[in-house]
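Here is the structure we will look at, set down as structure tokens.
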There are 2 protein chains.
Amino acid sequence: MKTTRNTTAKTAVLEVFENSKTALSHTEIQKQLNDVCDRVTIYRILDRLVNEDIIHKISNLDGTVKYAKCNHSHQRVHIHNHAHFSCENCHEITCLENVKPSYIMPHNYKVNEINFTLSGLCPKCLNSNI
Amino acid sequence: MKTTRNTTAKTAVLEVFENSKTALSHTEIQKQLNDVCDRVTIYRILDRLVNEDIIHKISNLDGTVKYAKCNHSHQRVHIHNHAHFSCENCHEITCLENVKPSYIMPHNYKVNEINFTLSGLCPKCLNSNI
DNA sequence: AAAAATAACGCAACAATGTTGCGATTAAAA
DNA sequence: TTTTAATCGCAACATTGTTGCGTTATTTTT
Ligand SMILES: [Zn+2]
Ligand SMILES: [Zn+2]
Ligand SMILES: [Zn+2]
Ligand SMILES: [Zn+2]
């Protein structure tokens, strides 16, 4: 079995997540790390953190990919079924941990995973405009 | 005002959509077109068809982008608020025109658009496996 | 029908994002 | 301390999408 290791690069990436309230893209992480490690290493660390259920991957409407901390590691079954909000103004992505859509599916489909993304204006941008 | 023109390439792309029950990626369209036109032209045609509300763009969980015919052009307000299903086995994307999620949002958010994608096994793959 | 206007095209070049192979490091176990 | 293998850096490559520009072709005007 493969064991996972704690490296300086991985610790640095984790710290970036700890200090962020919103989801982060690979590029945003790279900028904050400031040459702590190679570009490729960040990709590999992100893959590992996803596999370890420490962060989750968010694919956005505009094609960008971001990652966010998992705030539910205590749950027995680790499922990412919450919604995400994408602000059209500041482009920040936030987890809406408590928003879970209800829906009715046609028969003969087996649903394993759902992705629910809403876009519009976040509270910050909603208050600070005309 | 810019007027839109009917070209052989655009007609060919439209025909590909007419013959498809599922959503199509740029690459899939390109293969079916078989050098009718350049790669870039397909991108530009897809952009135009989206602007004309003839097709809609679907961003998938795995980062792929597909396009599908709009089957609701008769509606007065043209909104794409239906769900999409992504099969983990055959990777086909289908529009679930009648699946519309209900949800409760926290205050102070203004929602303009939603994206609801479900993944799992489609009816075809569900029936044809062990 | 011919001429004029411009939407659409082909091509080449570029950009962003992510992947792979491989030899060198280094964290963790023995 | 030595050994093992997970992780890293680097170079090279792949995919997807964009842009500029001179050319082609559809549509409108004359
Ligand atoms: Zn905002
Ligand atoms: Zn989340
Ligand atoms: Zn299927
Ligand atoms: Zn659809």
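In what follows, chains are A, B, ... by sequence order, proteins preceding strands, each numbered from 1. Computed from a predicted structure; not experimentally measured.
Distance check, rounded to the nearest 0.5 Å: CD of B:Gln32 to CD1 of B:Ile42 gives 10.5 Å.
With hydrogens and angles ignored, the 3.5 Å screen pairs a side-chain donor or acceptor of B:Asp62 with a backbone N or O of B:Thr64. Checking side-chain atoms of B:Ser128 against main-chain N and O of B:Lys124 turns up a donor-acceptor pair under 3.5 Å. Of the possible polar contacts, none joining the B:Ser20 side chain to the B:Val16 backbone as a donor-acceptor pair under 3.5 Å is found.
Atom CG in A:Asn51 sits roughly 14 Å away from atom C1' in D:dA6 (whole-Å rounding). Rounded to whole Å, the distance from CG on B:Leu24 to C1' on D:dT16 is 17 Å. Atom-to-atom, CG of A:Leu46 to C1' of D:dC8 comes out at 15 Å; the value is rounded to the nearest Å. The CG atom of A:Asp62 sits 15 Å away from the C1' atom of D:dT16 (whole-angstrom rounding). When rounded to the nearest whole Å, the span between CD1 of B:Ile45 and P of C:dA7 equals 16 Å.
Of the residues in residues 4-11 of chain B, those lying under 4.0 Å from DNA chain D by heavy-atom distance are B:Arg5, B:Asn6.
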Treat primed atoms plus P, OP1 and OP2 as sugar-phosphate and everything else as base, then score nucleotides 12-22 of chain C 5' to 3': B for base contact with protein heavy atoms under 4.0 Å, S for sugar-phosphate contact only, - for none. B----SBBBB-

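When side chains are defined from C-beta on, B:Leu49 counts as touching B:Leu14, because their heavy atoms get closer than 4.5 Å. Side-chain contact between A:Ile55 and A:Val13 is absent, with no heavy-atom pair separated by less than 4.5 Å. Looking at B:Leu96 and B:Leu118, their side chains come closer than 4.5 Å, going by heavy atoms from C-beta outward.
Within the structure, salt bridge (charged side-chain N to carboxylate O under 4.0 Å, His left out) contacts touching residues 25-51 of chain A (residues at least two apart or in different chains) are A:Glu28-A:Lys66.
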